[in-house]
Amino acid sequence: MSSEKSQPQQDQAPAKQANCLFCSIHNKEIKANFVYEDEDAFAIRDINPQAPTHILVIPRRHVDNVKKLEDKNLIGSLFYAAARVAEQENLDGGFRLVVNTGDDGGQTVNHLHIHVLGGRSLVWPPG
Ligand code: 5GP
Ligand code: ZN
């Protein structure tokens, strides 16, 4: 059987989705300071920080959120990038990774991202 009719793989998904803030930042249509970059991801400081260090690790390719994730390896790349960011920021005492998903999860930008939060003692549970 031909595989041509199978579902498109995520690695064939467009790198850019129209009207997506993080795609626009990735494509330099909106200016931002990249604090980390590798082949799969980039990182920027959150515009509204919730901790002394609050950085967003963002995949270069557009994925709406965890529910839409097809490439299992991508999360590994994002966690790896988050660990490098935490090292760069000297978060030696620990940090928190957060992935808000959907309305109830508090997701406001529909392009998958990991919040890296640190620089203070973080309370649990979060609100
Ligand atoms: P979410 O609410 O989807 O989990 O996270 C989106 C994050 O993006 C929020 O923490 C918000 O402060 C941040 N954010 C929204 N707009 C901008 C922006 O233009 N630049 C940067 N650097 N962060 C933004
Ligand atoms: Zn996007």
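Small disclaimer: the values here were computed from a predicted structure and weren't measured. Numbering of ligands and ligand atoms starts at 1, following listing order.
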Asks: Could you identify the single nearest non-hydrogen protein atom to atom 3 (O) of ligand 1 and state the distance to 0.1 Å?
Replies: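 That would be Thr108 N, 2.7 Å.
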
Asks: Return a yes/no value for Asn100: is any of its N or O atoms, backbone included, closer than 3.5 angstrom to an N or O of ligand 1?
Replies: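 Min N/O separation from ligand 1 is below 3.5 Å for Asn100.
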
Asks: I'd like to know if Phe79 and Leu74 are part of one continuous hydrophobic network [Ile/Leu/Val/Met/Phe/Trp/Tyr, side-chain heavy atoms within less than 4.5 Å].
Replies: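 Hydrophobic grouping puts Leu74 with Phe79.
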
Asks: Taking both backbone and side-chain atoms of Asp46, is any N or O found less than 3.5 Å from an N or O belonging to ligand 1?
Replies: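 Yes: some nitrogen or oxygen of Asp46 is under 3.5 Å from one in ligand 1.
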
Asks: In terms of atom number and element, which parts of ligand 1 are under 4.0 angstrom from non-hydrogen atoms of His113?
Replies: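 With His113 as reference, the close atoms of ligand 1 come out as 1 (P), 3 (O), 4 (O), 5 (O), 6 (C).
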
Asks: For ligand 1, which part of Leu56 has a heavy atom less than 4.0 Å away: the side chain, the backbone, both, or neither?
Replies: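 Contact part for Leu56 vs ligand 1: side chain (C-beta onward).
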
Asks: Test of understanding: given a 4.0 Å heavy-atom threshold, classify the contact between Arg45 and ligand 1 as side chain, backbone, both, or neither.
Replies: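 Under 4.0 Å from ligand 1, Arg45 contributes backbone atoms alone.
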
Asks: Between Glu37 and Arg84, does at least one N-O distance fall below 4.0 Å, as a salt bridge requires?
Replies: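 Result for this pair is no, no salt bridge flagged.
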
Asks: For ligand 1, which atoms, with element, lie under 4.0 Å from some heavy atom of Asn48?
Replies: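 The list of qualifying atoms is 12 (O).
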
Asks: For ligand 1, indicate whether the residue Leu21 contacts it via side chain, backbone, both or neither (heavy-atom separation under 4.0 Å).
Replies: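 The answer is the side chain of Leu21.
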
Asks: Apply the side-chain contact (heavy atoms from CB on, under 4.5 Å) test between Phe22 and each candidate in Asn27, Ile58, Leu112, Asn110; give the one that qualifies.
Replies: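 Testing Phe22 for a side-chain contact (heavy atoms from CB on, under 4.5 Å) against Asn27, Ile58, Leu112, Asn110 leaves exactly one candidate, Ile58.
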
Asks: Is His26 close enough to the Zn ion (ligand 2) that one of its N, O or S atoms comes in under 2.8 Å?
Replies: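 For His26, the answer is no, given that no N, O or S atom comes within less than 2.8 Å of the Zn ion (ligand 2).
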
Asks: Does Ala32 come within less than 4.0 Å of ligand 1, judged by its heavy atoms?
Replies: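 False for this residue.
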
Asks: Please find out if less than 6.0 Å separates the ring center of His115 from that of His113.
Replies: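 Ring centroids of His115 and His113 are less than 6.0 Å from each other.
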
Asks: Using a plain distance cutoff, I'd like to know if Ile47 has any nitrogen or oxygen under 3.5 Å from a nitrogen or oxygen of ligand 1.
Replies: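 Yes: some nitrogen or oxygen of Ile47 is under 3.5 Å from one in ligand 1.
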
Asks: Using a cut-off of 6.0 Å, state whether more than 12 heavy atoms not belonging to Tyr80 lie near its atom OH.
Replies: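 No, not enclosed.
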
Asks: Given 3.5 Å as the limit, does a donor-acceptor pair link the side chain of Gln107 with the main chain of Gly102, or not?
Replies: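 Judged by distance alone, yes, a pair lies under 3.5 Å.
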
Asks: Measure Val109 to ligand 1 on non-hydrogen atoms and call it side chain, backbone, both or neither using the 4.0 Å cut-off.
Replies: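 Both parts.
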
